[in-house]
Amino acid sequence: MNRIEEQARYYRNIPLRNRSIKAVVHLEDAEDMLFWNPQLQNAFPATYHFITYSKNEKGNDVRGCEQCLRYKPYLSKRFFICIDSDLRQLKGEEGLTAESLIAQTYAYSWENHFCEAEHLQERFEKLVPNSDFNFQVFLQKLSAVVYKPLLYLVHYSQSSVLNQQWNITRFNSCLPLQPSRDELANNGSAYIERVKLLFEAALQNLQQPKNMANEHLDDVNAYLHIQGHQLYKLVLHIGTMLCKGTRVAFKTDILEKSIHTDGYQEIDSVQADLRKITSKE
């Protein structure tokens, strides 16, 4: 029995030794509890024991998605994993399903959910009602611009050779995270135009993939598949500027104020998976 299997057996037995615990849940890192615990409590209110790192085969403490996925053969209703989708869903990676006892974010990462456009704008309007900036309009414009580059990214991530030509680092370099106050006029039109030109220049020498369409991606939800902490930093920067002088702390009062558990497709999918996983056998 290898070290991963040994740990999985130990984790599966924790709810048997302590009946107050419904299940052990392995996350990528401790901060992920901020998202996953509310999601689990909504799907099936109970006590969950979270594991935020574990040992690899060499006995070293390891965090992250890859470590979580090492437990894939050994999961059960008493021990399952919750991971960021990254690009895995868009790339069609198989086996990342509730039936396999794996929950995922259905966005690049859980940070994207704080930036979901409709609910973010609702939270913003309540506390800053006189602002002339609309996050929903801005993020939909941004989504339309990043849609094609994301399709390229999914295709070019399929092999190490292609990945050298277009990758997440080059994608992120086309998305400046600190637009100026002037660029935010007219819901960020000048910033959106700058981003559009940067992506057009970056893609102009790349061969367009055939059959680029992706069943999980469109020009409306594309912004939710930008690398999570990049989108978060961008929204945080904009919101902090907009809230200057209002006595509103954008990060705590708006951005991280509410974790939604329904109301848009990606979070509804998260909830559907968690309900399947936590349902009685």
Side-chain angles (χ1 to χ4, degrees), residues 35 39 84-93 96 104-125 131-157 166 168 171-172 174-177 179 183-184 186-200 202-203 208-209 211-239 242 254-255 258-273:
F35 174 77
Q39 297 303 322
D84 289 336
S85 294
D86 296 336
L87 293 177
R88 290 180 173 84
Q89 181 202 15
L90 301 184
K91 289 162 64 175
E93 186 169 324
L96 304 183
Q104 62 175 308
T105 52
Y106 290 94
Y108 192 98
S109 67
W110 57 267
E111 289 98 332
N112 298 76
H113 288 285
F114 283 121
C115 306
E116 190 272 326
E118 182 178 354
H119 292 93
L120 174 62
Q121 178 59 23
E122 287 177 0
R123 300 196 300 275
F124 181 64
E125 278 182 2
S131 176
D132 58 359
F133 188 88
N134 188 303
F135 276 101
Q136 189 167 7
V137 173
F138 170 76
L139 288 170
Q140 287 307 297
K141 286 181 180 178
L142 181 64
S143 196
V145 169
V146 302
Y147 173 54
K148 181 178 176 181
L150 275 169
L151 288 173
Y152 272 65
L153 187 60
V154 173
H155 173 79
Y156 276 80
S157 65
W166 185 239
I168 195 74
F171 179 98
N172 288 342
C174 297
L175 196 66
L177 300 182
E183 287 182 307
L184 299 187
N186 191 23
N187 295 312
S189 292
Y191 172 78
I192 296 294
E193 184 61 25
R194 176 156 69 111
V195 172
K196 181 182 177 183
L197 293 174
L198 286 170
F199 275 118
E200 286 177 352
L203 296 181
Q208 180 170 318
N211 303 319
M212 280 207 305
N214 189 297
E215 62 176 318
H216 303 295
L217 190 66
D218 57 41
D219 61 358
V220 175
N221 73 2
Y223 75 101
L224 290 173
H225 296 276
I226 296 170
Q227 197 169 39
H229 62 262
Q230 296 293 106
L231 180 65
Y232 180 95
K233 287 177 183 176
L234 172 62
V235 169
L236 177 61
H237 175 78
I238 293 172
L242 295 173
I254 297 174
L255 186 55
S258 180
I259 299 176
H260 295 277
T261 53
D262 62 22
Y264 56 101
Q265 182 179 337
E266 290 76 14
I267 206 67
D268 291 342
S269 296
V270 171
Q271 282 293 310
D273 283 355

Can you check side chain to side chain donor-acceptor pair (under 3.5 Å) on Q104 and S85, steps first, answer last? CA-CA 5 Å; Q104 62 175 308; S85 294; 2.6 Å; yes

Ring-ring centroid check Y106 H113, cutoff 6.0 Å: no

Does a side chain donor of either H229 or E111 reach within less than 3.5 Å of an acceptor in the other side chain? no

Start with the C-alpha distance between Q265 and N221, add both sets of side-chain angles, then the distance that settles side chain to side chain donor-acceptor pair (under 3.5 Å), and finish with yes or no. CA-CA 9 Å; Q265 182 179 337; N221 73 2; 5.8 Å; no

Can you name the residues that form a salt bridge (Lys or Arg N to Asp or Glu O under 4.0 Å) with E93, not counting sequence neighbours? R88

Is the distance between the ring centroids of F124 and F133 under 6.0 Å? no

L224 vs Y108, test: side-chain contact (heavy atoms from CB on, under 4.5 Å). Steps then yes/no. CA-CA 6 Å; L224 290 173; Y108 192 98; over 6 Å; no

Between L217 and L90, the two heavy atoms sitting closest are CB-CD2, 4.1 Å

Taking H260's backbone N and O only, do any of them form a donor-acceptor pair with Q39's side chain (distance below 3.5 Å, no angle check)? yes

Taking all non-hydrogen atoms of both residues, which atom of R194 and which atom of P179 are closest, and how far apart? NH2-CA, 4.2 Å

About how many Å separate OG of S157 and CD1 of I168, when rounded to the nearest 0.5 Å? 9.0 Å

Would you please test V195 and L175 for side-chain contact (heavy atoms from CB on, under 4.5 Å) and show each step? CA-CA 6 Å; V195 172; L175 196 66; 4.0 Å; yes

Can Y264 and H119 be said to form a side-chain contact (heavy atoms from CB on, under 4.5 Å), step by step? CA-CA 9 Å; Y264 56 101; H119 292 93; 3.8 Å; yes

Counting neighbours of NZ on K196 that are heavy atoms of other residues, nucleotides or ligands and sit closer than 6.0 Å, is the number greater than 12? no

Could you walk me through whether D219 and S143 pass the side-chain contact (heavy atoms from CB on, under 4.5 Å) test, one step at a time? CA-CA 6 Å; D219 61 358; S143 196; 5.6 Å; no

Exercise: identify the closest heavy-atom pair between N112 and A107: CB-CB, 3.7 Å

Under the rule for side-chain contact (heavy atoms from CB on, under 4.5 Å), what residues qualify as partners of E118, not counting sequence neighbours? E116, E122, Q136

Extract all donor-acceptor atom pairs below 3.5 Å that involve side chains of residues 145-155 and protein atoms in other chains or at least two apart in sequence.
none

Quick check: closest heavy atoms across L120 and L255, and the distance to 0.1 Å? CD1-CD1, 4.2 Å

Which word best sums up how the rings of Y232 and F114 line up, parallel for under 30°, tilted for 30 to 60°, or perpendicular for over 60°? perpendicular

Are F35 and D84 side-chain neighbours, meaning at least one heavy-atom pair lies under 4.5 Å? no

